Visitor: 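Can you read through this structure? Questions will come right after.
Predicted model, so just to flag it, every value in this text is computed and none were measured.
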Amino acid sequence: MGRLLALWNKEWIALARDVHGLAALFVMPAAFIVIMSLALSDAFKDEAGRPAEFAVLAADGPERAARLAQKLEGDGFRAVPAPANESAARAGVRQGKPALALLVPRDFERGLRVPPDRTNPAQALTLLVDPALPPAQLAVFQHRVLGTVLGLRLAAAIPIPGVLDDAGAFDLKRAATLSVEAVGNPRAGRPSSVQQNVPAWLIFGMFFVVMPISSLFIVERREGTLARLASQQVPFSLLLLGKVVPYFLVNLGQAALMLLAGRTLVPWLGGEELALPARWDLLAAVTASASLAAIGWGLLVAACARTMEQATVIGGVGNILAAAIGGIMVPRFVMADRLQTWVDLSPMAWALDGFHAVMLRQGAAADVLVPCLKLLSLAAALFAATLWAHHRRRAVIRA
Amino acid sequence: MLSVESLSFRYPGSSEAVLQEVTLDIPDHGIFGLLGPNGAGKTTLISILAGQLHGATGRVAIGGEPLDTVRRRRPHCLGLVPQECAFYPMLTGMENLRFFGGVQGLRGARLKQRVEHVAGFARIEGVLKRRAGELSGGLKRRLNLAIGLITEPRMLLLDEPTVGVDPQSRAFLLDSIRSLAGTGRIIIYTSHYMEEVQALCDRVAIIDGGRVLVSGTLAELLRDGSGSMRLRLRAPLPDALAADWRTRYALRADGAAEYQLRVPAAMAVAQVIEAAQAAGCEPIAIDYGRRDLEQLFMQLTNRSLRD
């Protein structure tokens with residue numbers, strides 16, 4: 001433990017004296033948060049024109065669901081394949097994929113053909129809604145559903161002889177009821193500029209630990225310090241652990257500061273105040289997972305790069321690319337459909353999904369499980385790759 | 001005693017061996033010098049002994065026990081002072097000493113005591129609060145040495161520890177290293193500076209092209225049994241005498257009135273001096289039966305150490 005403490009202490013001192021590294025870790029993301037939150041605050045307010053995805057889950061089977069979906073599709077609403085069951089539909093909507101899910105009861109269409117009475121009540125539809133969907137879009141979709149149901153009701157009623165003479169016998173108003181259920185935190189609404197930008201630039205800043213990690217590592221290798229430590233029987237795994245813990249704490253510090261910037265600095269400058277999550281434990285889990293992935297990335301770059309220039313190019317450009325395709329620089333929902341399929345390739349997008357699940361949708365543990373598992377798996381793979389890269393180099397020199 | 005037996009090593013992907021069947025016996029007292037030109041294999045040998053390179057064939061043992069076993073049992077029995085200033089430039093001298101002590105398991109009062117001791121030994125107490133990267137070249141070398149001594153190692157490997165320092169600092173470092181040469185400690189000192197090795201070491205091995213050319217005590221190596229004689233005269237030799245000596249003593253002119261000869265029989269030395277005096281060329285300086293390490297290296301390789 002004493003050896004580890006010595007390594008941690010050394011790393012802290014080295015980091016504390018690296019003014020440029022600290023600026024990249026703390027000032028840069030804070031500046032991005034403030035600038036982007038203010039610059040894009042208006043752009044984030046008008047999202048009603050964005051197409052929303054919906055799914056229809058019919059108890060009468062996928063064919064009936066597909067037929068109904070076909071009728072509902074269009075005018076800014078796009079049908080996606082029906083989920084397997086109601087719980088899958090709820091899980092999907094909780095993550096905003098799709099934003100809407102219509103649950104259709106058994107014998108829905110047959111019920112439309114008979115007049116509702118005590119034994120045959122109005123057909124009860126349920127609409128699951130992502131609270132992040134703009135209210136205007138929700139209202140439009142509700143009207144589309146009810147309009148479609150009325151159309152079906154009319155189509156069923158017209159062929160019945162004499163039915164049009166007795167409007168009371170075939171009450172169009174009582175064709176169906178539509179109950180709307182928000183899945184996720186009912187308080188959460190459309191992500192504001194600050195809700196998008198705080199987690200996004202926090203993640204970007206967290207992944208920038210690649211710079212100080214790799215620069216110190218390369219100095220250690222160049223100056224012969226690693227070789228000296230190897231001659232002193234300090235295992236490489238201990239050296240890695242000596243770097244993981246300080247940078248993990250740095251990432252936690254970044255998270256605290258960026259949240260603080262969203263709570264204080266952005267509103268002070270005229271932007272919207274960041275809404276804090278209800279589940280801090282989940283926020284900590286997502287932050288920790290993202291941090292380990294970022295540190296793993298830093299260690300791998302450090303182990304592979306031979307010069308400071310290589311580390312800067314690989315680490316810096318890698319981060320910028322991951323941010324560009326991961327919805328950090330340009331929010332995912334603004335991207336063209338074709339590009340949206342690429343978003344999930346970026347670990348930064350996994351982290352952003354996790355942060356949005358906690359901070360925007362006020363989700364539960366199940367909602368952050370997948371992003372966290374993806375990030376932790378990546379971290380494990382990166383640590384393994386670092387050890388492998390070191391082992392390859394160690395075939396020549398144990399340092 | 002450190003025994004190196006038939007040690008060979010080649011870097012992966014290279015067809016050429018960097019070390020070839022190196023065999024050395026290094027006593028645990030005095031200072032053992034490893035002398036050779038750049039690229040001779042000195043640093044490779046040191047790196048293998050320090051545990052930084054692996055894959056060498058052969059055997060390395062301390063007191064009959066394999067070095068790896070000894071190091072597993074006593075991880076901090078070895079101190080390395082590498083060619084590079086292998087410490088953290090952004091940390092102060094004190095922080096560097098505390099770090100390298102701490103990472104080797106020293107703590108509390110023992111760590112404090114060792115830091116004070118090695119700082120005093122290297123005379124860097126006055127600069128311990130300055131960042132290491134801001135120290136002069138000589139002070140950096142002293143700090144490098146102090147770090148190598150922090151755990152009071154039984155085996156100290158000094159790999160060209162005076163590279164790039166001013167003469168004053170070099171003299172200080174050599175004096176400091178000389179004072180470490182007590183019993184019970186193995187000290188290996190590599191250099192391509194013949195003067196340093198000659199001034200510092202009790203035993204010397206000359207290494208070139210990955211092979212040990214010669215090894216022994218400094219006195220043995222400097223003793224020249226080949227009859228080599230250097231002669232400086234007041235005036236140049238007459239042509240006739242010079243021609244005669246060229247035949248008899250393999251005379252070679254080394255300057256206007258300076259000559260190298262080979263006079264295998266010590267008895268003949270007097271005859272040579274008398275003949276020179278008779279020819280009116282009074283000898284000013286005579287050097288017989290001794291050579292320096294540079295000359296020895298030249299005799300062995302027909303090259304200069306600095307080539």
Visitor: At their closest point, which heavy atom of B/G102 faces which heavy atom of A/A6, and how far apart are they?
Guide: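 The answer is C-CB, 3.8 Å.
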
Visitor: Can a donor-acceptor pair be found, under 3.5 Å and without considering hydrogens, that links the side chain of A/R228 to the backbone of B/L80?
Guide: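 Yes, because the side chain of A/R228 sits within donor-acceptor range (under 3.5 Å) of the backbone of B/L80.
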
Visitor: Just wondering, more than 12 heavy atoms not from A/W12 lying within 6.0 Å of its CH2?
Guide: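 Atom CH2 in A/W12 is crowded, with more than 12 foreign heavy atoms closer than 6.0 Å.
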
Visitor: Please classify the contact of A/L216 with chain B as side chain, backbone, both or neither, using a heavy-atom distance under 4.5 Å.
Guide: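 Side chain only.
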
Visitor: Counting heavy atoms not belonging to B/E16, are there more than 12 under 6.0 Å from its CD?
Guide: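 Check fails, neighbour count at 12 or below.
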
Visitor: Of the non-hydrogen atoms in A/L229 and B/V103, which two are nearest, and what is the gap between them?
Guide: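 In terms of heavy atoms, the two residues are closest at CD2-CG1, 3.7 Å.
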
Visitor: Give, for atom CZ of B/F87 and atom CD of A/E220, the distance between the pair rounded to the nearest 0.5 Å.
Guide: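 Reported value, rounded in 0.5 Å steps: 13.5 Å.
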
Visitor: Quick one: do the A/E223 and B/Y88 side chains pair a donor with an acceptor below 3.5 Å?
Guide: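 No, no side-chain donor-acceptor contact under 3.5 Å.
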
Visitor: Heavy-atom cut-off 4.5 Å, strictly under: side chain, backbone, both or neither for B/R107 against chain A?
Guide: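 Contact with chain A: side chain only.
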
Visitor: For B/S47, is it the side chain, the backbone, both or neither that has a heavy atom under 4.5 Å from a heavy atom of chain A?
Guide: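 Looking at B/S47, nothing touches chain A.
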
Visitor: Considering only NZ, NE, NH1 and NH2 on the basic side and carboxylate oxygens on the acidic side, decide whether A/R221 and B/E84 come within less than 4.0 Å.
Guide: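 Result for this pair is no, no salt bridge flagged.
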
Visitor: Roughly how far apart are B/M90 CE and A/R17 CZ, rounded to 0.5 Å?
Guide: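 Taking CE in B/M90 and CZ in A/R17, the distance rounds to 9.5 Å.
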
Visitor: Pick whichever of B/E95, B/R98, B/H76 has the most heavy-atom pairs under 4.5 Å with chain A.
Guide: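 Most heavy-atom pairs under 4.5 Å with chain A: B/E95.
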
Visitor: Within residues 121-152 of chain B, which positions have a heavy-atom distance to chain A below 4.5 Å?
Guide: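 Answer by number: B/R131, B/N144, B/I147, B/G148.
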
Visitor: Taking only residues two or more places apart in sequence, or in another chain, which ones meet B/T162 in a side chain to side chain donor-acceptor pair (under 3.5 Å)?
Guide: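 Residues passing side chain to side chain donor-acceptor pair (under 3.5 Å) with B/T162: B/E196.
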
Visitor: Counting C-beta onward and ignoring hydrogens, is there a side-chain heavy-atom pair between A/T225 and B/F100 closer than 4.5 Å?
Guide: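 Yes, at least one pair of side-chain atoms sits under 4.5 Å.
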
Visitor: Give me the atom names and distance for the closest heavy-atom approach of A/Q233 to B/R72.
Guide: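 Result for this residue pair: NE2-N, 4.1 Å.
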
Visitor: Check A/A14 against B/L91 and note the closest heavy-atom contact, atom names and distance.
Guide: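 Residues A/A14 and B/L91, closest heavy atoms: N-CD1, 4.3 Å.
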
Visitor: Donor-acceptor pair, B/Q52 side chain versus A/S231 backbone, under 3.5 Å?
Guide: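 Absent.
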
